[in-house]
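First up is the structure itself, then whatever we jot down about it.
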Amino acid sequence: MTLEKGARSIMQWLVLGTVVGVICGVASAAFLYLLEEATRYRSSHEALVYTLPLAGLLIGAVYARWGTPIRGGNNLVIDTAHQGDKQLPLRMAPMVLIGTVLTHLFGGSAGREGTAVQMGASLADAVAHRFRVSPETRRELLAAGVAGGFGSVFGTPIAGALFGLEVVCVGRISYEALVPALVASVVGDLVTRSLGIHHTAYPLPTPLALTPELLGKWLVFGAAVAVVAVVFVELVHFIKKSLEKAVPALPLRMALGGVAVVALWKLVGTTDYLGLGVPTIERAFVDPSLPSSAFALKLLFTAITLGAGFLGGEVTPLFFVGAALGNVLGQQLGLPLGLAAGVGLAATFGAAANTPLALSIMAVELLGASVLPHVVIVTVVAYLLTGHRGIYPAQRIARLKHGGPLLERLVSLHELEAEPVLQSPPSNSVKTGSKQAS
């Protein structure tokens, strides 16, 4: 590449990445503002939770009528990044935004990353088609949209950039999209903050030197995180498949899920497990009296909410699950409470989403550099032990986590589960796999 071509390429990415970042930042700011208002209103009008089944019925009816092209959610985004055939429907952005806000308004247990990623990707794809870019550039813009959405909604621009590169293909990072993803994520975060959005500030853990004894404790910790991540992934998929088989109509599935959440809410006698649950996440860092069942209850509330079809993401609920689990493990293993909660927070989602690097960096952006060696160890251990599964079944994989030759082609986690021996000896497949991964 000549100097002139290189300069042109960088300028293109700066311009397009900035455009995507501005759009993502504005969308995330609007979403976070509405989400905060919905949460505040529900907290002061608790009786709204009783109407969650009715809300599910209405949201499901709208999605059954107009939302069929976007029902894949994050998996649709990943499929589009690999296949690149059809444009992501622009309606994805407003529909997922409104659906997620309504889910939280009526008490569903869901997150926000799924909404931000889908908004960012659909808006980025609209930009790609507006400027009529090449298929390769379009795929890179999709990664930028994912990065811009993720980075701006959590206030973690570097982790957002890495997430956009890492989430598409397990075990590989698409460096060709590094510049647009980084630009979109940084710009998106700046725009969101400039619009008056303030992100959660978590307590900073006390620095702790890594020792052989501590390393052993982190290995046990990582194994426990893996078990919980697997339970979450499998339970969400099980509930979703079982309900789809037993109740074909989406509105009825969501209504039934709403009934189950309301019943659980009354059974446990607290609103702590509804919505995002940020106050309990913060409590996990400092309160040794946090109920030891908190992580399991949040996991169950969220699995039912998402498995039934309600809108939202998995990040913040898994932050809750991981922080509460870290609170329990920290006390059992003799680890500092704040550090254990912080490591659990990042590692649980990193394992469930197969994004260990992005979540390790996210932990640094949220909790400070002193957490880095600890969170990397736990997240990588949990990532390996979860096997070839994740919250995004559309993720592709080119090589099994435990090593071995490249697979014959990039295979989705869903396909790999059904057909686990798609391997070939190393040959020309290295080039093919590299080309497909881009």
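Below, each value reflects all heavy atoms present in this structure, side chains not excepted, and no hydrogens, waters or symmetry copies.
- The side-chain hydrogen bond (donor to acceptor under 3.5 Å, both in side chains) search around Thr137 returns Ser134, not counting sequence neighbours.
- Side chains of Met119 and Val96 form a contact here, defined as non-hydrogen atoms less than 4.5 Å apart.
- A donor-acceptor pair under 3.5 Å is formed between the side chain of Ser185 and the backbone N or O of Pro157.
- Between Phe349 and Phe319, the ring-plane angle classifies as perpendicular under the 30° and 60° cut-offs.
- Annotation: the span from Glu415 atom CD to Leu410 atom CG amounts to 10.0 Å, rounded to 0.5 Å.
- Applying the salt bridge (charged side-chain N to carboxylate O under 4.0 Å, His left out) rule to pairs touching residues 184-203 yields Asp189-Arg193, sequence neighbours excluded.
- The two residues Ile397 and Leu407 have their closest heavy-atom pair at O-CD1, 3.5 Å.
- Between Gln87 and Ala126, the shortest heavy-atom distance links the atoms NE2-CA, 3.6 Å.
- Within the model, atoms CG of Leu88 and NE2 of His129 stand 8.5 Å from one another, a figure rounded to the nearest 0.5 Å.
- Nearest heavy-atom pair across Val77 and Ala121 is CG1-CB, 3.6 Å.
- Between Ile158 and Leu182, the closest heavy-atom pair is CD1-CD1, 4.0 Å.
- Every residue two or more places apart in sequence or in another chain that forms a side-chain contact (heavy atoms from CB on, under 4.5 Å) with Tyr41 is listed here: His45, Leu48, Leu105.
- Interatomic distance, Tyr63 OH to Arg71 CZ, rounded to the nearest 0.5 Å: 9.5 Å.
- Taking the side chain as every heavy atom from C-beta outward, Thr386 and Val233 never approach each other to under 4.5 Å.
- Looking at every heavy atom in both residues, Val49 comes nearest to Pro53 through O-CD, 4.3 Å.
- In this structure, Glu314 contributes its side chain and Gly111 its backbone to no donor-acceptor pair below 3.5 Å.
- One N or O on the side chain of Arg396 and one on the backbone of Ala394 form a donor-acceptor pair closer than 3.5 Å.
- Between Leu299 and Tyr273 there is no side-chain heavy-atom pair separated by less than 4.5 Å.
- Side chains of Leu76 and Thr80 form a contact here, defined as non-hydrogen atoms less than 4.5 Å apart.
- Counting heavy-atom neighbours within 6.0 Å of Arg132 CZ, excluding the residue itself, gives a total of 12 or less.
- Using a distance-only test at 3.5 Å, with no hydrogens or angles considered, a donor-acceptor pair links the side chain of Gln331 to the main chain of Pro288.
- Residue pairs satisfying the side chain to side chain donor-acceptor pair (under 3.5 Å) criterion with at least one member in residues 346-359, sequence neighbours excluded, are listed as follows: Asn354-Gln395, Asn354-Lys401.
- Taking the side-chain hydrogen bond (donor to acceptor under 3.5 Å, both in side chains) definition, one finds that Thr270 meets it with Asp272, sequence neighbours left out.
- Partner Thr302 forms a side-chain contact (heavy atoms from CB on, under 4.5 Å) with one of Thr305, Leu306, Ile304 and no other, that one being Leu306.
- The main-chain N or O of Leu384 is never found under 3.5 Å from a side-chain atom of His402 such that the two would form a donor-acceptor pair.
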Solution key, residues 243-268 side-chain donor-acceptor pairs under 3.5 Å, sequence neighbours excluded:
residue, atom, partner, partner atom, Å
Arg253, NH1, Val247, O, 3.0
Arg253, NH1, Pro248, O, 2.8
Lys266, NZ, Tyr50, OH, 3.1

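- Within the 3.5 Å criterion, the main-chain N or O of Ala296 finds no donor-acceptor partner in the side chain of Ser293.
- Within the 3.5 Å criterion, the main-chain N or O of Ile239 finds no donor-acceptor partner in the side chain of Ser242.
- Leu34 meets the side-chain contact (heavy atoms from CB on, under 4.5 Å) test with Leu97, Val101; sequence neighbours excluded.
- Inter-residue side-chain proximity for Glu113 and Pro317 is flagged as unmet; no heavy-atom pair is nearer than 4.5 Å.
- Between Thr316 and Ile281, the closest side-chain pair of non-hydrogen atoms falls below 4.5 Å.
- Between Tyr202 and Phe285, the ring planes lie parallel to each other; the angle is under 30°, not in the 30° to 60° tilted range.
- Residue pairs meeting the side chain to side chain donor-acceptor pair (under 3.5 Å) criterion with at least one partner in residues 153-170, sequence neighbours excluded, do not occur; the list is empty.
- With rounding to the nearest 0.5 Å, the separation of CZ in Phe320 from CG in Leu297 is 8.0 Å.
- Counting only distance, with no hydrogens or angles, the side chain of Arg91 and the backbone of Pro69 share no donor-acceptor pair below 3.5 Å.
- The structure places CG of Leu52 at 11.0 Å from CG of Leu57, a figure rounded to the nearest 0.5 Å.
- For Thr18, there are no side-chain hydrogen bond (donor to acceptor under 3.5 Å, both in side chains) partners, not counting sequence neighbours.
- Scanning all heavy atoms of the two residues, the minimum distance from Ile361 to Ala159 falls at CG2-N, 4.0 Å.
- The side-chain heavy atoms of Gln118 and Asn74, taken from C-beta on, include a pair separated by under 4.5 Å.
- A search for side-chain hydrogen bond (donor to acceptor under 3.5 Å, both in side chains) contacts involving His374 returns Trp218, not counting sequence neighbours.
- Between Thr100 and Arg112 the shortest side-chain heavy-atom distance does not fall below 4.5 Å.
- Between Met95 atom CE and Ile59 atom CD1 the span is 10.5 Å, to the nearest 0.5 Å.
- Pairs of residues two or more places apart, or lying in two chains, never qualify as salt bridge (charged side-chain N to carboxylate O under 4.0 Å, His left out) while including a residue from residues 362-372.
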Which donor-acceptor pairs under 3.5 Å do side chains of residues 142-153 form with protein atoms, sequence neighbours excluded?
residue, atom, partner, partner atom, Å
Ser152, OG, Ser28, OG, 2.7
Ser152, OG, Gly148, O, 2.6
Ser152, OG, Gly149, O, 3.3

